[in-house]
Amino acid sequence: MASTIPHPLYEISGALCKGFQGHIAYTTVLPQRLAGLEICVTFDKREPEQEPLLRAACAAAIRQNEPGLELTEQQQSFLSRSPKSEINVSVFLNGQCVGSAHRNQLTKRIVLAPDAACEGFVACRPEGVLRVVLHVLNVLNDDTHYTVCVKEAAQ
């Protein structure tokens with residue numbers, strides 16, 4: 001029996017180092033006559049793995065930026081657990097932005113089709129040059145892995 005899951009048109013993965021911030025762009029030409037497009041961006045290690053080191057860094061930043069401010073143990077604990085790694089994504093077709101996903105999720109699934117699109121994106125025919133831009137903010141851990149997978153959306 002043949003699989004009903006479309007094969008990826010494009011798939012890439014990478015690993016980011018602690019402290020990385022920037023934009024990573026992937027560009028490809030889409031095959032003609034796609035019914036729809038599904039883009040899935042995933043990453044791991046959102047929460048800090050080294051809380052004691054992060055806790056000390058947060059305390060030092062508070063002392064530097066707010067001299068004399070005293071925090072309770074509960075406040076210090078909250079602040080050291082608050083930072084998170086974040087990777088957001090924008091999608092462009094033929095140089096035009098068709099949307100952005102700024103969601104606090106490890107997996108961002110984007111669907112584009114002529115008659116429908118997911119939240120934050122416009123319905124459009126997926127054809128021509130596709131550009132997927134990752135907006136990488138505040139990577140907290142070494143070896144933070146990510147993947148970008150582009151495939152034809154199931155009908």
Side-chain angles (χ1 to χ4, degrees), residues 1-51 53-55 57-58 61-62 65 74-75 77-155:
M1 180 199 268
S3 171
T4 59
I5 300 171
H7 294 288
L9 301 169
Y10 186 87
E11 190 167 22
I12 188 90
S13 62
L16 302 169
C17 61
K18 180 179 178 177
F20 180 86
Q21 294 189 59
H23 305 280
I24 304 169
Y26 295 102
T27 305
T28 191
V29 177
L30 295 172
Q32 294 181 358
R33 302 189 195 270
L34 293 176
L37 195 65
E38 180 179 325
I39 303 164
C40 189
V41 177
T42 63
F43 74 102
D44 64 1
K45 298 185 183 180
R46 179 176 49 196
E47 283 77 26
E49 293 180 332
Q50 303 294 324
E51 186 179 340
L53 296 175
L54 184 60
R55 186 182 185 100
C58 287
I62 291 168
N65 294 307
Q74 184 179 12
Q75 290 169 323
S77 180
F78 173 78
L79 288 175
S80 68
R81 286 190 320 270
S82 295
K84 64 182 180 348
S85 295
E86 193 169 333
I87 298 178
N88 296 314
V89 62
S90 295
V91 176
F92 298 81
L93 281 172
N94 303 312
Q96 300 293 314
C97 183
V98 295
S100 292
H102 296 270
R103 304 178 191 122
N104 186 20
Q105 300 169 322
L106 292 174
T107 299
K108 292 170 179 68
R109 185 175 167 270
I110 300 157
V111 176
L112 302 173
D115 56 350
C118 60
E119 183 179 4
F121 294 82
V122 296
C124 58
R125 176 158 304 285
E127 61 186 15
V129 178
L130 172 71
R131 184 175 176 101
V132 177
V133 180
L134 305 180
H135 308 285
V136 183
L137 309 166
N138 200 35
V139 174
L140 295 173
N141 304 297
D142 280 327
D143 295 318
T144 296
H145 295 92
Y146 70 92
T147 62
V148 177
C149 182
V150 177
K151 61 184 177 181
E152 184 171 11
Q155 296 182 18

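The two residues Ala35 and Ala113 have their closest heavy-atom pair at O-CB, 4.0 Å.
The side-chain heavy atoms of Leu9 and Pro31, taken from C-beta on, include a pair separated by under 4.5 Å. The shortest distance between side-chain heavy atoms of Tyr146 and Leu134 falls below 4.5 Å. You'll find the side chain of Leu137 reaches within 4.5 Å of the side chain of Asn88, heavy atoms only. Leu130 has its side chain within reach of Leu37: a pair of non-hydrogen atoms, C-beta onward, lies under 4.5 Å apart. Asn138 places none of its side-chain heavy atoms less than 4.5 Å from the side chain of Phe20. Using a 4.5 Å heavy-atom threshold, the side chains of Val98 and Phe92 count as separate.
With hydrogens and angles disregarded, no donor-acceptor distance shorter than 3.5 Å links the side chain of Asp44 to the backbone of Thr144. Using modelled atom types, no side-chain atom of Asp142 and backbone atom of Cys17 make a donor-acceptor pair closer than 3.5 Å.
Residues forming a side-chain contact (heavy atoms from CB on, under 4.5 Å) with Ser13 (at least two apart in sequence, or on another chain): Thr147. With sequence neighbours excluded, the residues satisfying side-chain contact (heavy atoms from CB on, under 4.5 Å) with Asp143 are Lys45, His145. The side chain to side chain donor-acceptor pair (under 3.5 Å) test applied to Gln96 returns no partner, not counting sequence neighbours. Partners of Glu11 under the side-chain contact (heavy atoms from CB on, under 4.5 Å) rule, at least two apart in sequence or in another chain, are Pro8, Cys149.
Applying the side chain to side chain donor-acceptor pair (under 3.5 Å) test to residues at least two apart or on different chains, the pairs with a partner in residues 121-135 are His23-His135, Thr27-Arg131, Ser90-His135. Residue pairs satisfying the salt bridge (Lys or Arg N to Asp or Glu O under 4.0 Å) criterion with at least one member in residues 90-118, sequence neighbours excluded, are listed as follows: Glu38-Arg109.
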Report task. Go through the steps for Val89 and Ile110 under the test side chain to side chain contact (heavy atoms under 4.5 Å, CB included), then give the verdict. Result -> CA-CA 9 Å; Val89 62; Ile110 300 157; 3.5 Å; yes
